[in-house]
Amino acid sequence: MSGLADLSLVEAAEAVRRGEATSQALLDACWANLEAVNPQVNATIWLDREAADRAARAADQAVREKKPVGPLHGIPMIHKDMYYQEGQLSTCGSALRRDWRPTVTATVLARMAEAGAYTFGGLNMAEFAQNPTGHNKSFGDCHNPWNLPYITGGSSSGSGVAVATRFTYAALGSDTGGSIRLPASACGVTGIKPTQTRVSRFGVMPLSFSCDNVGPLTRTARDCARVMRVIAGHDARDPTSAREPVPDYEAALDGDLRGQRIGVPTNAFFDPDATAVNQAVEQAVSVLAARGATIVRLDLPLMEAIGTYVSVISRVEAATIHAEWMRRDPQAYGGHISGRMYPGYAIPAPYYLEALSRRGPILKAFAAEVFGKVDALVTPTIRTALPTLADTDIDHGPPGTEHRFMAVSANTRPFNYLGLPTISVPCGFDGNGCPIGLQVSGRPFGEARVMRIADAYQRDTDWHARRPPLLPA
């Protein structure tokens with residue numbers, strides 16, 4: 001039974017569609033792993049097995065009756081606990097919403113349900129999606145399934161863990177400064193941050209109006225492509241969502257990288273002391289070259305401005321969203337959350353408006369300089385070996401802890417300001433047995449290209465298929 005949980009999302013969906021596996025059997029397999037491992041990793045906040053059983057029976061009956069089925073038919077999923085489902089718990093990882101139940105359902109969940117998937121729980125996450133590590137004051141820290149004392153990445157910590165430990169075939173995360181890609185990297189799974197506005201954010205807890213993104217964490221790039229085909233596209237309930245046509249992302253995954261120019265930055269993204277990470281990324285670059293890609297080394301422009309402006313925007317917008325709660329109940333927040341938001345109230349309005357107004361010109365200049373030379377960029381997702389939870393506990397750690405904490409997301413934040421589609425795939429392990437991630441970024445609305453590169457890499461490697469040692473044999 002547990003072997004079914006090792007299937008990729010696409011494999012599981014096809015098995016259900018063909019009648020080779022039942023949705024109930026998939027759910028049972030995931031649940032068995034959850035019961036065996038979750039006490040050690042703390043990946044969930046709430047679960048609803050009874051509703052899941054009903055959904056699985058309905059999915060299996062539809063297959064028996066030969067009714068039309070969607071691309072995610074019969075797939076059980078758990079998502080980051082900030083996606084609203086009418087009448088269901090949605091804690092957003094905070095004591096302030098411990099018992100809160102929304103009256104609307106997120107567009108992305110509605111679209112996935114229409115495609116045949118069902119949701120059976122809420123996953124642990126950083127409080128209000130505001131840290132890159134997996135710490136959580138209210139519901140307890142998430143632990144890395146490859147080495148328990150180490151960080152899981154955040155803020156979609158439970159999503160990364162749940163996919164890695166086979167509790168779910170896919171999990172939605174959110175990404176404001178790296179919160180899909182960081183747990184994907186730290187937990188050895190695949191996760192994509194789409195182009196800003198590519199996916200509707202209606203019914204999703206906001207953190208930063210200008211930088212928030214919705215996307216999936218899965219086992220493979222092909223799984224990401226299938227989920228993205230379902231959730232992408234304009235939504236009238238989210239007027240900021242793009243009207244760009246949604247391509248068939250899976251059809252683009254042909255494994256052929258001939259003619260693709262892949263850039264490797266010579267500045268900003270590599271730590272000379274991170275030998276294991278740098279070697280893993282260089283080996284990955286060699287795999288891409290063997291697939292036909294041309295590798296181009298280049299300097300990236302405007303990186304200092306990008307880093308400054310994204311920090312200004314995210315701090316001011318988070319402070320604005322939380323202003324009422326911060327006035328009413330500041331003690332309910334973790335110390336590092338307050339420490340992040342209070343400076344947002346002190347940033348002058350001209351600085352914030354400058355950061356917003358410069359975004360378009362900077363993107364235009366960056367695209368002309370970079371994408372005039374290459375079709376995509378590859379970097380480490382996290383530029384150093386993973387730190388431990390203790391080493392990044394800025395609520396209780398000694399001076400210097402904040403630097404280690406913020407360094408986790410140094411490579412991911414720039415792509416939130418630029419709004420570029422970026423995927424992280426596993427590409428090796430560090431000396432502590434923790435995964436290393438390869439980040440692939442492309443032009444606006446170039447999700448198909450970055451997933452194509454990621455899929456080509458996964459055809460020649462098996463990092464994405466490795467199982468955490470906690471899982472039952």
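- Between Ser138 and Glu127, the side chains place no donor N or O within less than 3.5 Å of an acceptor N or O (distance only, hydrogens not considered).
- Across all non-hydrogen atoms, the minimal contact from His135 to Leu389 is NE2-O, 2.8 Å.
- No side-chain N or O of Ser157 forms a donor-acceptor pair with one of Asn124 less than 3.5 Å apart.
- A donor-acceptor contact closer than 3.5 angstrom is absent between the side chains of Lys80 and Ser159.
- Proximity of a side-chain donor or acceptor of Arg219 to a complementary backbone N or O of Val189 within less than 3.5 Å is not detected.
- Pairing each heavy atom of Gly188 with each of Trp146, the nearest pair is N-NE1, 4.3 Å.
- Side chain to side chain, Arg181 and Gln439 meet the donor-acceptor criterion of an N or O pair below 3.5 Å.
- Ring pair Tyr457/Trp463: centre-to-centre distance not below 6.0 Å.
- The side chain to side chain donor-acceptor pair (under 3.5 Å) test with Thr176 is passed by exactly one of Thr412, Asn213, Asn416, Asp212: Asp212.
- His464 contributes no side-chain N or O that, together with a main-chain N or O of Val425, makes up a donor-acceptor pair within less than 3.5 Å.
- Side-chain N/O atoms of Glu65 and Gln61 include a donor and acceptor closer than 3.5 Å.
- In terms of modelled atom types and a separation under 3.5 Å, the side chain of Glu317 and the main chain of Leu207 share no donor-acceptor contact.
- Salt-bridge formation is detected for the pair Arg443/Asp375: a Lys NZ or Arg NE/NH1/NH2 atom is positioned less than 4.0 Å from an Asp or Glu carboxylate oxygen.
- Counting only N and O atoms by type, the side chains of Asp28 and Gln24 include a donor and acceptor under 3.5 Å apart.
- Each salt bridge (charged side-chain N to carboxylate O under 4.0 Å, His left out) pair with one or both residues in residues 241-251, not counting sequence neighbours, appears once here: Arg222-Glu250, Arg226-Glu250.
- Ring geometry for Phe371 against Phe366 counts as perpendicular: the plane angle is over 60°, on a 0 to 90° scale with 30° as the lower cut.
- The distance between the ring centers of Phe445 and Tyr249 does not fall below 6.0 angstrom.
- Smallest separation of non-hydrogen atoms from Ala21 and Leu4: CB-CD2, 4.3 Å.
- Within 6.0 Å of CZ in Arg258 there are 12 or fewer heavy atoms belonging to other residues, nucleotides or ligands.
- Judged purely by distance below 3.5 Å, without hydrogens or angles, the side chains of His234 and Ser241 pair a donor atom with an acceptor atom.
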Report the C-alpha separation of Leu182 and Thr133 in whole Å, then their side-chain angles, then the decisive distance to 0.1 Å, and conclude whether the side chain to side chain contact (heavy atoms under 4.5 Å, CB included) test is met.
CA-CA 8 Å; Leu182 296 174; Thr133 56; over 6 Å; no

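- Under the 4.5 Å side-chain criterion, counting only non-hydrogen atoms from C-beta, Asn147 is in contact with Pro149.
- Neither side chain, Asn278 nor Thr275, offers a donor N or O lying under 3.5 Å from an acceptor on the other.
- Side chain to side chain, Thr107 and Arg237 meet the donor-acceptor criterion of an N or O pair below 3.5 Å.
- Listed here is the closest heavy atom pair of Leu257 and Arg452: CD2-O, 4.3 Å.
- For the pair Tyr83/Thr119, no side-chain contact is recorded, criterion being any heavy-atom separation below 4.5 Å from C-beta on.
- Summarising the geometry of Val16 relative to Ser23, their closest heavy-atom pair is CG2-N, 4.2 Å, with the distance given to 0.1 Å.
- Looking at heavy atoms from C-beta onward, Leu34 lies in side-chain contact with Thr44 at the 4.5 angstrom threshold.
- Side chain of Ser185 to backbone of Gly437: a donor-acceptor contact under 3.5 angstrom is found.
- A cation-pi arrangement is present between Arg98 and Phe139, with the terminal nitrogen or guanidinium carbon under 6.0 Å from the aromatic centre and inside a 45° cone about the axis.
- With hydrogens and angles ignored, the 3.5 Å screen pairs no side-chain donor or acceptor of Asp223 with any backbone N or O of Ala170.
- For the side chain to side chain contact (heavy atoms under 4.5 Å, CB included) with Thr152, the lone residue among Pro183, Pro132, Cys187 that qualifies is Cys187.
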Salt bridge (charged side-chain N to carboxylate O under 4.0 Å, His left out) between Asp81 and Arg97, worked out:
CA-CA 11 Å; Asp81 200 27; Arg97 282 194 162 180; over 6 Å; no

Start with the C-alpha distance between Phe167 and Phe120, add both sets of side-chain angles, then the distance that settles side chain to side chain contact (heavy atoms under 4.5 Å, CB included), and finish with yes or no.
CA-CA 11 Å; Phe167 299 176; Phe120 65 97; 5.6 Å; no

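- In summary, Asp455 and Arg459 engage in a salt bridge, as defined by a charged side-chain N under 4.0 Å from a carboxylate O.
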Report the C-alpha distance between Arg467 and Thr165 in whole Å, list the side-chain angles of each, state the deciding distance to 0.1 Å, and finish with yes or no for side chain to side chain contact (heavy atoms under 4.5 Å, CB included).
CA-CA 7 Å; Arg467 304 171 86 247; Thr165 50; over 6 Å; no

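- At least one side-chain heavy atom of Val310 sits under 4.5 Å from a side-chain heavy atom of Cys211.
- Taking CG of Leu47 as the reference point, atom CD1 of Ile78 lies at 6.0 Å (rounded to 0.5 Å).
- Not one N or O on the side chain of Asn432 forms a donor-acceptor pair closer than 3.5 Å with the backbone of Cys434.
- Heavy-atom neighbours of Glu35 CD from other residues, nucleotides or ligands within 6.0 Å: above the threshold of 12.
- Without hydrogens or angle criteria, Arg111 side chain to Ile231 main chain gives a donor-acceptor distance under 3.5 Å.
- Using a 4.5 Å heavy-atom cutoff, the side chains of His143 and Ile151 are not in contact.
- The heavy-atom pair separating Ala164 from Pro468 by the smallest distance is O-CD, 3.3 Å.
- Counting heavy atoms from C-beta on, the side chains of Ile436 and Asp430 come closer than 4.5 Å.
- Side chains of Arg449 and Gln260: a donor-acceptor N/O pair is present below 3.5 angstrom, by distance only.
- Looking at Thr103 and Tyr84, their side chains never bring a donor and an acceptor atom within 3.5 Å of each other.
- Within the 4.5 Å cutoff, the side chain of Thr168 has heavy atoms near those of the Val163 side chain.
- A salt bridge links Glu14 with Arg17: at least one charged nitrogen is closer than 4.0 Å to a carboxylate oxygen.
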Determine whether Ser174 and Met82 satisfy the following criterion, side chain to side chain contact (heavy atoms under 4.5 Å, CB included), listing intermediate values before the conclusion.
CA-CA 9 Å; Ser174 67; Met82 55 177 279; 3.3 Å; yes

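- No hydrogens or angles considered: a donor-acceptor pair under 3.5 Å links the side chains of Thr240 and Arg201.
- Side-chain atoms of Ser8 come within 3.5 Å of backbone atoms of Glu11 as a donor-acceptor pair (strictly under, hydrogens ignored).
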Go through it in stages, so that I can follow the logic: the residues are Arg49 and Asp53, the test is salt bridge (charged side-chain N to carboxylate O under 4.0 Å, His left out), and I'd like the CA-CA distance, side-chain angles, deciding distance and then a yes or no.
CA-CA 6 Å; Arg49 179 62 194 262; Asp53 283 332; 3.0 Å; yes

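- The backbone N or O of Ala376 sits nowhere less than 3.5 Å from a side-chain atom of Arg261 that would complete a donor-acceptor pair.
- Side-chain contact check for Val450 versus Ile453: every heavy-atom pair is 4.5 Å or farther apart.
- Between the side chains of Arg166 and Asn33, not a single donor N or O lies within less than 3.5 Å of an accepting N or O.
- Comment: Arg466 engages Asp462 in a salt bridge, judged by a side-chain N to carboxylate O separation of less than 4.0 angstrom.
- Although no hydrogens or angles enter the test, the distance criterion places a donor-acceptor pair under 3.5 Å between the side chain of Arg291 and the main chain of Gly255.
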